[in-house]
Participant: 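Have a look at this one.
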Amino acid sequence: MAKIEMKTPLVEMDGDEMTRNLWAMIKKHLILPYIDLKSEYYDLGLEHRNETNDQVTVDSAMATKKYGVAVKCATITPNAARVKEYNLKEMWKSPNGTIRAILDGTVFRAPILVKGIEPNVRTWKKPITIARHAYGDVYRNTEMKIPGPGKVELVYTAADGHEERALVHNFDCAGVVQGQHNLVPSITSFADSCFTFALEKKQDLWFATKDTISKKYDHTFKDIFQERYDEKYKPLFEKAGITYFYTLIDDAVARVMKSEGGFIWACKNYDGDVMSDMLSSAFGSLAMMTSVLVSPQGYYEYEAAHGTVQRHYYKHLKGEPTSTNSVATIFAWTGALRKRGELDQIPELVDFANRLEKATIDTIESGKMTGDLAKITTLPNPTTLGSEEFILAIKDTLDREAE
């Protein structure tokens, strides 16, 4: 069969550790045999980020603005141990945080449901989509260690030189302090993205912060959401038969655990990070969740919502067998290829993405899966496959279903 031709490149962001190995396997077995792949490649592996002083991360985000669609592998956000392990020049910031700050928008994450992998929460009957704000907060913070007694203040200096001050704390001992920020235009685009997505999916929208404690920062989020809803979206929601619901983040967690699912849960940046991992794990596995950043300017970045699977990578380095779940990374590729096909009007590319996703799910439902799923499946006598074996099994299903 002739390979599917692409018109416009997509931005390819390679990553770290075990997911970097999966990335190469997916391209080799599931992408390149079927598609004449056009991509602009950026190596976001930690060593190369260090070599370029993290400029490669900025370059990849700017390329996404140019081409409109990107697919990203999982990457390391270094801590002190990683700085030593990789001999880094400094503790580089989260590449996801850097990219999201440049692209803005909202990250939508939803579980990939398959028969035989039942949610741990018995009331959940439908998928729950996390809508995660993709700018600011702790991911763009400024931190300082306080060596001893002293005063810390927030200082705002207006363009005309006027100053406003707020006391953070009078320290009588050593401590730490952190400054966070966000932007009204970014919060507004977050709200608009969530309301628009809810209307497209015809699902209720929940939004949760901690405005009772954070009476200015979190309350600003709450106010902007309510203002946008009242100004523009309320009649559209009523016509669609869906609702917008605000509550505190702790109340939302309690409600979610007793719900049937089938709604969109909008969260601030860090809340969305934590809750999406909770949901993906509760629905089956961290590797069973889609993730896409959608910016108001029409940029799309697809990624796996999990980490670099460090433990499996160290096993791989020792020559030991691994059984690493590649589903989320496969779906990152299919999401990017589908969107590229939609934007460039290439129905064959859209169809291929759909068929590859179906082949992936059908492979699991036939009883062939990685070790994380084999431990929790309700299917009888599952076959546990190695990392590359699983990808090859998907390829076999894809080829058979195309006949």
Side-chain angles (χ1 to χ4, degrees), residues 13 15 19 64 69-75 77 94-97 99-101 103-114 117 119-121 124 126-139 189-191 193-198 200-201 203-209 249 252-253 256-257 259 261-296 299-309 325-336 338-339 353 357 360-361 372:
M13 306 174 186
T19 47
T64 304
V69 181
V71 57
K72 181 182 175 295
C73 183
T75 47
T77 299
S94 159
N96 287 339
I99 293 166
R100 290 167 189 161
L103 299 182
D104 200 2
T106 302
V107 177
F108 293 97
R109 291 178 171 173
I112 301 165
L113 303 185
V114 298
I117 309 297
N120 289 337
V121 180
W124 289 354
K126 305 171 185 177
I128 299 168
T129 299
I130 287 284
R132 174 186 173 187
H133 189 209
Y135 178 82
D137 301 347
V138 70
Y139 298 89
S189 70
F190 171 41
S193 296
C194 292
F195 288 127
T196 301
F197 193 80
E200 289 176 358
K201 297 295 183 181
Q203 291 183 334
D204 292 344
L205 174 66
W206 296 16
F207 179 50
T209 68
I249 185 67
V253 171
V256 163
M257 300 307 287
S259 76
F263 56 88
I264 299 155
W265 181 9
C267 295
K268 289 171 57 195
N269 208 342
Y270 180 72
D271 293 341
D273 191 2
V274 174
M275 297 308 169
S276 63
D277 279 1
M278 181 273 289
L279 284 175
S280 61
S281 181
F283 269 107
S285 169
L286 289 173
M288 298 294 288
M289 177 166 273
T290 61
S291 181
V292 56
L293 169 68
V294 181
S295 83
Y299 314 132
Y300 299 83
E301 185 229 346
Y302 295 82
E303 62 178 346
H306 57 73
T308 59
V309 202
N325 192 331
S326 52
V327 171
T329 307
I330 293 170
F331 273 61
W333 272 101
T334 56
R338 181 187 297 107
K339 180 55 66 175
E357 288 184 359
T360 302
I361 292 172
D372 60 323

Participant: Evaluate the side-chain proximity of P111 to L279: yes if any heavy-atom separation is below 4.5 Å, no if none is.
Facilitator: no

Participant: Applying side-chain hydrogen bond (donor to acceptor under 3.5 Å, both in side chains), name anything that partners T129, two or more places apart in sequence or on another chain.
Facilitator: none

Participant: Heavy atoms only: give me the nearest K126-F283 pair and the separation to one decimal.
Facilitator: O-CZ, 3.5 Å

Participant: Applying salt bridge (charged side-chain N to carboxylate O under 4.0 Å, His left out), name anything that partners K339, two or more places apart in sequence or on another chain.
Facilitator: E342

Participant: Could you please spell out the steps behind the side-chain contact (heavy atoms from CB on, under 4.5 Å) verdict for K268 and I249?
Facilitator: CA-CA 10 Å; K268 289 171 57 195; I249 185 67; over 6 Å; no

Participant: Are I130 and C267 side-chain neighbours, meaning at least one heavy-atom pair lies under 4.5 Å?
Facilitator: yes

Participant: Go through the structure and list residues passing side-chain contact (heavy atoms from CB on, under 4.5 Å) with V294, not counting sequence neighbours.
Facilitator: F108, V292, Y300

Participant: Name all residues meeting the side-chain contact (heavy atoms from CB on, under 4.5 Å) criterion together with T290; count only those two or more places apart in sequence or in a different chain, and write none if there are none.
Facilitator: A110, I112, F331

Participant: Consider only side-chain N and O atoms of T64 and E301, and report whether a donor and an acceptor are under 3.5 Å apart.
Facilitator: no

Participant: What pair of heavy atoms forms the shortest contact from W124 to A282, and how long is it?
Facilitator: CZ3-CB, 3.4 Å

Participant: Locate the shortest heavy-atom distance separating M257 from V121; write the atom from each residue and the value.
Facilitator: O-CG1, 3.3 Å

Participant: Okay, side chain of D137, backbone of Y139: is any donor-acceptor separation there less than 3.5 Å?
Facilitator: no

Participant: Within the 4.5 Å heavy-atom criterion, are L113 and M288 side-chain neighbours or not?
Facilitator: no

Participant: Which residues pass the ring-ring contact (aromatic ring centres under 6.0 Å, His included) test with Y302, sequence neighbours left out?
Facilitator: none

Participant: Would you say that V107 contacts S276 through its side chain, given a criterion of any heavy-atom pair below 4.5 Å between the two side chains?
Facilitator: no

Participant: Report the C-alpha separation of F195 and F207 in whole Å, then their side-chain angles, then the decisive distance to 0.1 Å, and conclude whether the side-chain contact (heavy atoms from CB on, under 4.5 Å) test is met.
Facilitator: CA-CA 10 Å; F195 288 127; F207 179 50; over 6 Å; no

Participant: Check side-chain contact (heavy atoms from CB on, under 4.5 Å) between A304 and all other residues, then give those that pass, not counting sequence neighbours.
Facilitator: H306, A328, T329

Participant: For the SG atom of C73 and the CH2 atom of W333, what is their distance to the nearest 0.5 Å?
Facilitator: 10.0 Å

Participant: Which residues satisfy the ring-ring contact (aromatic ring centres under 6.0 Å, His included) test with F263, sequence neighbours excluded?
Facilitator: W206

Participant: Restricting to non-hydrogen atoms, name the atom on L205 and the atom on A198 that form the minimum distance, rounded to 0.1 Å.
Facilitator: CB-CB, 4.1 Å

Participant: With sequence neighbours left out, write down each residue that passes side-chain contact (heavy atoms from CB on, under 4.5 Å) with S281, or none if nothing qualifies.
Facilitator: L286

Participant: Only counting residues at least two apart or in another chain, list the ones meeting side-chain hydrogen bond (donor to acceptor under 3.5 Å, both in side chains) with D204.
Facilitator: T243

Participant: Using every non-hydrogen atom in the two residues, find where G335 and E357 come nearest and quote the distance to one decimal.
Facilitator: N-OE2, 4.3 Å

Participant: Kindly compute the distance separating NE2 (H133) from OG1 (T209), expressed to the nearest 0.5 Å.
Facilitator: 13.0 Å

Participant: Checking Y135 against R100 for the side-chain contact (heavy atoms from CB on, under 4.5 Å) test, could you report, in this order, the C-alpha distance in whole Å, the side-chain angles of both residues, the deciding distance, and whether it holds?
Facilitator: CA-CA 6 Å; Y135 178 82; R100 290 167 189 161; over 6 Å; no

Participant: So, using side-chain hydrogen bond (donor to acceptor under 3.5 Å, both in side chains) as the criterion, who are the partners of S280 when residues are at least two apart?
Facilitator: none

Participant: Among all residues two or more places apart in sequence or in another chain, which pass the side-chain hydrogen bond (donor to acceptor under 3.5 Å, both in side chains) test with T106?
Facilitator: none

Participant: Is it the case that the side chain of N269 and the backbone of G136 share a donor-acceptor pair, with hydrogens and angles ignored and the cut-off at 3.5 Å?
Facilitator: yes

Participant: Taking side chain as C-beta onward, heavy atoms only, is E303 less than 4.5 Å from L293?
Facilitator: no

Participant: Taking all atoms of both residues into account, what is the closest heavy-atom pair of A305 and S291, and its distance?
Facilitator: CB-CB, 4.0 Å

Participant: How long is the span from the CD1 atom in I117 to the CG atom in D372, to the nearest 0.5 Å?
Facilitator: 8.0 Å

Participant: Name all residues meeting the salt bridge (charged side-chain N to carboxylate O under 4.0 Å, His left out) criterion together with D273; count only those two or more places apart in sequence or in a different chain, and write none if there are none.
Facilitator: R132

